[in-house]
Novice: 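Right, I'll just put the structure down here and ask away after.
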Amino acid sequence: MDYRDKCTIITEVRKPDGMGGFITTRNEAGTIKVKVAPYRVANGEMITIPNPIASVKFFTNSKLPVDDEELFFIRYNNKLYKKVALTDYGKCTLIIGERYEN
C-alpha cells in the first residue's frame with residue numbers, strides 16, 4: 001500500500017476553569033503518513049457507524065503518537081475527522097474517521 005498523504009493527529013485536553021467547568025484546548029500530537037479511501041457501508045455496519053456518508057478510512061503503517069484507546073481527531077485536507085473506530089491488522093492500522101467540523 002502506498003502511504004503518500006499526511007495527516008495530523010490532534011488530541012483534546014480539558015483543564016478545570018476554577019468555576020466547576022473546564023476549558024478545552026486542542027493539541028497537535030504528531031503527523032502520520034496515510035492512505036485515504038472512501039468509506040463503503042455494508043448492511044451490518046449501518047448501526048455501528050453513526051454517519052457513513054461523511055466517513056473516511058485512513059490506513060497507516062506509522063506508529064500512532066497517541067494511545068489506541070484515546071479519543072483523537074485527524075486533520076486531513078483542512079478538514080477535521082473524529083476517530084470512530086480503530087483496528088490494528090499488524091502490518092497496518094485502519095482508522096475510521098467521521099467529519100467533525102467545517
Novice: Rounded to the nearest 0.5 Å, what's the gap from OG1 on T8 to CG on L80? Could you check?
Specialist: 10.0 Å

Novice: Tell me, which pairs form a salt bridge (Lys or Arg N to Asp or Glu O under 4.0 Å) where one or both residues lie in residues 8-25, sequence neighbours left out?
Specialist: E12-R26

Novice: What distance separates D2 CG from R4 CZ, expressed to the nearest 0.5 Å?
Specialist: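 Those atoms lie 4.0 Å apart.
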
Novice: Step by step, would you call L64 with I95 a side-chain contact (heavy atoms from CB on, under 4.5 Å)?
Specialist: CA-CA 11 Å; L64 293 177; I95 304 166; 4.0 Å; yes

Novice: Might you point out which heavy atoms bring S62 and K33 nearest each other, and give the distance in Å?
Specialist: OG-N, 3.4 Å

Novice: Taking the inter-plane angle between the rings of Y81 and F58 on a 0 to 90° scale, is it parallel (under 30°), tilted (30 to 60°) or perpendicular (over 60°)?
Specialist: perpendicular

Novice: Name all residues meeting the side-chain hydrogen bond (donor to acceptor under 3.5 Å, both in side chains) criterion together with D5; count only those two or more places apart in sequence or in a different chain, and write none if there are none.
Specialist: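 side-chain hydrogen bond (donor to acceptor under 3.5 Å, both in side chains) list for D5, sorted by chain: Y76.
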
Novice: Looking at K83 and E70, would you say the former's side chain and the latter's main chain have a donor-acceptor pair under 3.5 Å?
Specialist: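 Checked: pair present.
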
Novice: Would you be so kind as to tabulate the donor-acceptor pairs closer than 3.5 Å made by side chains of residues 87-94, with sequence neighbours excluded?
Specialist:
residue	atom	partner	partner atom	Å
D88	OD1	G90	N	3.0

Novice: Could you tell me whether E28 and R75 have a side-chain N and a carboxylate O separated by less than 4.0 Å?
Specialist: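 Salt bridge present between E28 and R75.
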
Novice: Looking at every non-hydrogen atom in both residues, tell me the closest pair between K35 and Y3 and how far apart they are.
Specialist: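 Closest pair (atom of K35, atom of Y3, distance): N-CD2, 3.8 Å.
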
Novice: Write down the atom of C7, the atom of I74, and the distance for their closest heavy-atom approach.
Specialist: SG-CG2, 3.5 Å

Novice: Please report the shortest heavy-atom distance between P65 and A29, naming the atom on each side.
Specialist: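 Minimum heavy-atom contact is CB-O, 3.5 Å.
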
Novice: Is the backbone N or O of V34 less than 3.5 Å from a side-chain atom of T60, with the two atoms forming a donor-acceptor pair by type?
Specialist: no

Novice: Could you walk me through whether V13 and T24 satisfy the side-chain contact (heavy atoms from CB on, under 4.5 Å) test, starting with their C-alpha distance in whole Å, then the side-chain angles of each, then the deciding distance to 0.1 Å, before giving a yes or no?
Specialist: CA-CA 6 Å; V13 178; T24 303; over 6 Å; no

Novice: With rounding to the nearest 0.5 Å, note down the distance linking CZ in F72 to CG in D67.
Specialist: 9.5 Å

